[in-house]
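Report on the structure given below.
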Protein chains: 2
Amino acid sequence: MTANAARADTRPSPRKRAGNGAARPNDANEIGLDALVGHAGYAVRRFQIWIFQDFIKTLGDVDIRPTQYSVLTVIGANPGLSQMAVAKRLGIERARLVHLLDSLEQRKYVKRIKSKADRRSHALHLTAQGETALAKFKRLAAEHERHVEAKIGKENREQLLQILAGFT
Amino acid sequence: MTANAARADTRPSPRKRAGNGAARPNDANEIGLDALVGHAGYAVRRFQIWIFQDFIKTLGDVDIRPTQYSVLTVIGANPGLSQMAVAKRLGIERARLVHLLDSLEQRKYVKRIKSKADRRSHALHLTAQGETALAKFKRLAAEHERHVEAKIGKENREQLLQILAGFT
DNA sequence: GAAAGTTTGTTGTTGACGACAACAATTGTC
DNA sequence: GACAATTGTTGTCGTCAACAACAAACTTTC
């Protein structure tokens with residue numbers, strides 16, 4: 001589907017809600033944000049919510065959320081990593097990664113193999129099923145990325161990636 | 001995609017950490033992200049986490065979180081708004097706003113005044129205490145914004161704001 | 001080589017947050 | 001007046017970050 005934001009601005013006739021004591025503006029997006037405009041964090045938060053929702057919807061058929069996708073991607077690119085290494089690389093709590101891996105292992109995408117070098121840790125690998133699945137996820141993720149392009153523009157997206165490259 | 005990538009048992013991968021010294025704390029920066037680089041959502045998520053943490057820390061003394069700050073700012077700029085209007089403007093669930101306002105009202109920053117025009121709704125106002133407090137919050141938020149500038153650069157921050165202006 | 005300290009994976013708790021569902025009171029509509 | 005819609009509220013559910021505590025395994029130190 002083409003994620004075309006239906007720009008059908010059904011502009012309602014300006015009704016009024018009188019006598020609120022001090023202010024009356026209550027319609028549509030006439031409400032000012034004041035200091036909020038100019039705060040990078042606010043814009044980034046709203047954008048991140050939008051982008052995650054699109055990701056979740058685009059990968060809805062395969063039931064993969066952004067965090068799960070990031071875990072699978074890192075394991076696929078670096079097989080044999082420990083849970084600690086993956087957690088540190090992705091900035092996830094290792095406690096949280098436990099549940100993520102429980103789920104991914106239950107779905108036969110990931111294996112926890114006891115490391116012989118360090119018997120505390122697990123070497124993480126994709127299963128064969130996990131590899132083919134990840135390939136499909138990557139195609140869908142690329143589709144989601146095209147939605148982002150359509151939303152903010154091709155060169156804006158690339159500028160964004162460049163600006164935020166230090167956080168990956 | 002890169003669907004090949006031999007995946008043999010505990011075979012040490014060619015590039016990543018040699019020697020397989022599992023216990024050695026390998027640099028997290030050596031671990032490749034593969035497809036994750038190039039995903040706007042991932043970069044944005046990491047950035048947003050950083051920016052929120054800095055905001056929370058910078059406004060730590062006054063114990064104000066980003067969402068609370070956004071609510072106070074909007075009410076301050078548009079006194080008399082209903083809860084529904086604030087929620088819609090900020091993209092917050094009105095159910096969630098209830099708890100936010102409970103907290104802010106308990107701290108004497110916000111008043112819920114029963115609207116006479118529509119006895120279902122409340123007109124939201126800052127208290128006198130809330131106004132002076134918000135002024136302080138804004139100064140701290142500006143300081144936080146300078147941290148962002150220092151992190152990604154002055155013109156990069158402005159480009160970011162421009163790119164994401166549509167989401168505010 | 002044993003005691004002490006650290007790391008890894010795990011379990012659990014807490015709190016912020018988004019998404020829903022249901023409800024009473026009130027309003028608008030027909 | 002009957003009926004639908006809106007507003008604030010309460011509640012549940014699931015995601016997510018942040019800690020705390022623990023056993024097992026490893027490292028350091030004497």
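Throughout, a chain's letter reflects where its sequence line sits, starting with A, and its residues are numbered from 1. A quick note: this is a predicted structure, and the numbers were derived from the prediction, not measured.
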- Between A/Arg107 and A/Gln129, do the side chains contain an N or O donor and an N or O acceptor separated by less than 3.5 Å? no

- Task: Mind calculating the distance between NZ (A/Lys88) and P (D/dA18) to the nearest angstrom?
- Result: 15 Å

- note: A/Leu90, atom CG; D/dC16, atom P; distance rounded to Å ~ 13 Å

- Query: Roughly, in whole Å, what's the span from NZ in B/Lys57 to P in D/dA17?
  - Reply: 18 Å

- Please report, rounded to the nearest Å, how far the C1' atom of D/dG11 is from the NE2 atom of B/His99. 8 Å

- Task: Mind running ring-ring contact (aromatic ring centres under 6.0 Å, His included) on B/Tyr109 and B/Phe137 for me, showing each step along the way?
- Result: CA-CA 12 Å; B/Tyr109 292 155; B/Phe137 303 161; 5.7 Å; yes

- Test of ring centre spacing under 6.0 Å for B/His39 and A/Tyr69: yes

- Rounded to whole angstrom units, what separation is found between the CD atom of A/Gln48 and the P atom of D/dT15? 16 Å

- Item | Whether B/Trp50 and B/Phe47 hold their rings parallel, tilted or perpendicular, with breakpoints at 30° and 60° | parallel

- Task: May I have the distance from A/Tyr69 (atom OH) to D/dT15 (atom P), rounded to whole angstrom?
- Result: 20 Å

- Nearest whole angstrom, please: distance from the P of C/dT11 to the CG of A/Leu101. 12 Å

- Message: I want to check something: taking the side chain as every heavy atom from C-beta on, are B/Glu145 and B/Arg157 in contact at a cut-off of under 4.5 Å?
- Response: yes

- Task: May I have the distance from B/Arg112 (atom CZ) to D/dG8 (atom P), rounded to whole angstrom?
- Result: 9 Å

- Task: Answer yes when B/Glu105 and B/Arg112 have at least one side-chain N-carboxylate O distance shorter than 4.0 Å, and no when they do not.
- Result: yes

- Answer yes or no: is there an ion pair linking B/Arg139 with B/Glu143, defined by an N-O contact shorter than 4.0 Å? no

- Message: I want to check something: taking the side chain as every heavy atom from C-beta on, are B/Leu101 and B/Ile75 in contact at a cut-off of under 4.5 Å?
- Response: yes

- Query: Base, backbone or nothing for each nucleotide of nucleotides 22-30 of chain C, written B, S, -, heavy atoms under 4.0 angstrom, 5' to 3'?
  - Reply: B--BBS---

Could you list, one pair per line, each protein nitrogen or oxygen that sits under 3.5 Å from a nitrogen or oxygen of nucleotides 17-20 of chain C, together with the distance?
from: C/dC17; atom 1: OP1; to: B/Arg65; atom 2: NH1; distance (Å): 3.3
from: C/dC17; atom 1: OP1; to: B/Thr67; atom 2: OG1; distance (Å): 2.7
from: C/dC17; atom 1: OP2; to: B/Arg96; atom 2: NH2; distance (Å): 2.3
from: C/dC17; atom 1: O5'; to: B/Arg96; atom 2: NH2; distance (Å): 3.1
from: C/dG18; atom 1: OP1; to: A/Arg45; atom 2: NH2; distance (Å): 2.9
from: C/dA19; atom 1: OP1; to: A/Gln53; atom 2: NE2; distance (Å): 2.3

- Partner of B/Val110 under side chain to side chain contact (heavy atoms under 4.5 Å, CB included), picked from B/Leu100, B/Asp102, B/Leu72, is B/Leu72

